[in-house]
Amino acid sequence: NSLDFSLGELWVDYSSAFWGVRVGRQKTAWGKADGIDITNVICPSDMSSFSAITSDDSKLAVDALRFSLTNDAFTVDAYWIPFFTPAALPLNEGNSLKKFIVPSSIAFPVASLGTVINIPVSVGNILKPECSLKNGEYGIKLSGYFSALDVSLYGYYGWDDNPFLGYEISYGTPSDPGDPTTALPQGIKVNGTYKRMSMVGIDFAIPVNQTVIRAETAFFPQRYFQKSNEKIMSQRMSADYYAMATGTTPGKVEVAEQHNELSALVGLDWMPSGWTITAQYYCDYVFGNIDSLERSKAYTHGATLSVSKSLVNETLELGLNALMNFTDFDSLINPTVKYSLSDEIALETGAFIFLPGPQND
């Protein structure tokens, strides 16, 4: 048994008519998207459990200093994050989601024997960047508020919140001492490292009567992307066998490639009496040859729909959220019912229905 404790937010804030500063553990949300991250890169995601992923607030706080300048039409927020906070991953033993990142074993084909062996897999070292001033993260947001629209510009230089995974393989004794390739893998240890990332983005929102039109886009220059397991394993084993044959140290295998990336979203919010309807289309494109990447398609896209209705003097709310991935045509449907007993107490229930696409049946 273990006791787990974490601090959500704790910060000190000072503000005047024109400027302000906030220091401490804090959360912030960038962009106009609803439930989709386009420019929202400041705070990492909590993916440690299903309840965290599906929470309305699935972001973790960061330890940061925020300096703000404000007037009637513009706001500038500058962030310095001296200590890196990674995304929370389900890597603890007993976590039901762990198998989606690190399975307990993999099936390994042995062509020379015409068989398949199961190799145990374990989690090794997930190395965070060294805690130093040079490894800090930086962000800036410039917002303008006008009668016809709201617009924001973003800039970010920091770390990708998710680690890039590589493999350390242990081998048995070669069946043929003169041929190191006859040494079969006996175990795989998964290690991880974090890579630098930068982003520039823009969003805007235009109100039209009871409707709000939103759009958002972000460009990530030379962002790192995870290489496929097959590519890494093949290169790792080739390097290991060469080192065994020559008596040298195994060479380094790159686990990621750099590509330019462009993400975008357009959304519509419609709020007639008692109803809230939100529809969004999002897309993402990775430039260049992606044959070596874990990602199978350069262009991915999808849509979300959220509908809710307030009843019984706004104490009862019925909702339906849906997400469709147009790349593989898998989808998620989330019906909800919420009843407010008071301003502070509410009862809520719902379900998450996952539907695999035709290629995943």
Side-chain angles (χ1 to χ4, degrees), residues 37 41 44-45 47-48 84-92 95 97-109 118-132 134-135 137 156-171 180-181 183-199 220-244 246 248-263 284-298 300:
D37 289 338
V41 297
S45 298
M47 298 181 287
S48 60
F84 172 61
T85 300
L89 301 176
L91 297 180
N92 295 330
N95 193 313
L97 299 180
K98 180 184 175 183
K99 61 184 177 182
F100 295 105
I101 299 179
V102 180
S104 59
S105 65
I106 64 168
F108 183 82
N118 286 321
I119 304 176
V121 181
S122 61
V123 179
N125 296 318
I126 308 294
L127 299 177
K128 294 201 301 183
E130 179 184 355
C131 186
S132 63
K134 68 178 182 179
N135 285 334
E137 300 176 280
Y156 173 79
Y157 178 71
W159 297 91
D160 208 311
D161 296 330
N162 292 304
F164 294 85
L165 304 180
Y167 307 104
E168 181 182 337
I169 306 174
S170 59
Y171 298 86
T181 62
L184 298 180
Q186 290 186 325
I188 297 176
K189 186 176 290 185
V190 178
N191 300 316
T193 57
Y194 293 87
K195 302 287 188 180
R196 279 290 193 182
M197 181 186 78
S198 55
M199 183 275 294
F220 300 83
Q222 291 299 293
R223 186 177 189 176
Y224 285 94
F225 287 86
Q226 178 77 44
K227 292 177 67 174
S228 69
N229 298 335
E230 293 79 7
K231 289 285 185 181
I232 297 174
M233 282 286 291
S234 175
Q235 293 174 4
R236 177 71 276 156
M237 293 183 68
S238 295
D240 289 345
Y241 286 141
Y242 178 80
M244 292 180 198
T246 59
T248 58
T249 301
K252 182 180 178 182
V253 173
E254 294 296 336
V255 300
E257 283 185 0
Q258 288 182 284
H259 295 263
N260 292 327
E261 179 188 19
L262 182 66
S263 299
D284 182 84
Y285 183 74
V286 175
F287 294 82
N289 188 332
I290 66 167
D291 290 345
S292 296
L293 301 187
E294 185 179 75
R295 174 173 174 152
S296 61
K297 296 183 179 179
T300 62

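Everything quoted here is computed from the prediction, not taken from an experiment.
The salt bridge (Lys or Arg N to Asp or Glu O under 4.0 Å) pairs that include a residue from residues 225-238 are Arg236-Asp240, where partners are two or more places apart or lie in different chains. Residue pairs meeting the side chain to side chain donor-acceptor pair (under 3.5 Å) criterion with at least one member in residues 99-108: none, sequence neighbours excluded.
Between the side chains of Asn162 and Tyr194, no donor-acceptor pair is found at a separation under 3.5 Å. Glu261 and His259 share no donor-acceptor pair across their side chains, judged by distance under 3.5 Å alone.
One finds no salt bridge joining Lys195 and Asp161 here, because no Lys/Arg side-chain nitrogen approaches an Asp/Glu carboxylate oxygen to under 4.0 Å.
At least one donor-acceptor pair under 3.5 Å links the side chain of Gln258 to the backbone N or O of Gln222. Panel note: side chain Trp159, backbone Thr85; no donor-acceptor pair is recorded below 3.5 Å. Asn95 places a side-chain N or O within 3.5 Å of a backbone atom of Ser48 that can act as its donor or acceptor partner. With Asn191 contributing its side chain and Asn125 its backbone, the two residues share a donor-acceptor pair below 3.5 Å.
Ser198 is not listed as a side-chain neighbour of Phe220, based on a closest heavy-atom distance of 4.5 Å or more.
Expressed to the nearest 0.5 Å, how far CE of Met199 lies from OH of Tyr156 amounts to 8.5 Å. Taking CD1 of Ile232 as the reference point, atom CZ of Phe164 lies at 10.5 Å (rounded to 0.5 Å). Gln186 contributes atom CD, which lies 12.0 Å from atom CD1 of Ile169 (distance to the nearest 0.5 angstrom).
Residues satisfying the salt bridge (charged side-chain N to carboxylate O under 4.0 Å, His left out) criterion with Arg196, sequence neighbours excluded, are absent altogether.
Within the 6.0 Å centre-distance limit, the rings of Tyr241 and Tyr171 are counted as a close aromatic pair.
Nearest heavy atom pair, residue Lys252 against residue Glu254, reads CE-OE2, 3.8 Å.
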So Asn260 and Tyr285, side-chain hydrogen bond (donor to acceptor under 3.5 Å, both in side chains) or not? Walk me through it. CA-CA 9 Å; Asn260 292 327; Tyr285 183 74; over 6 Å; no

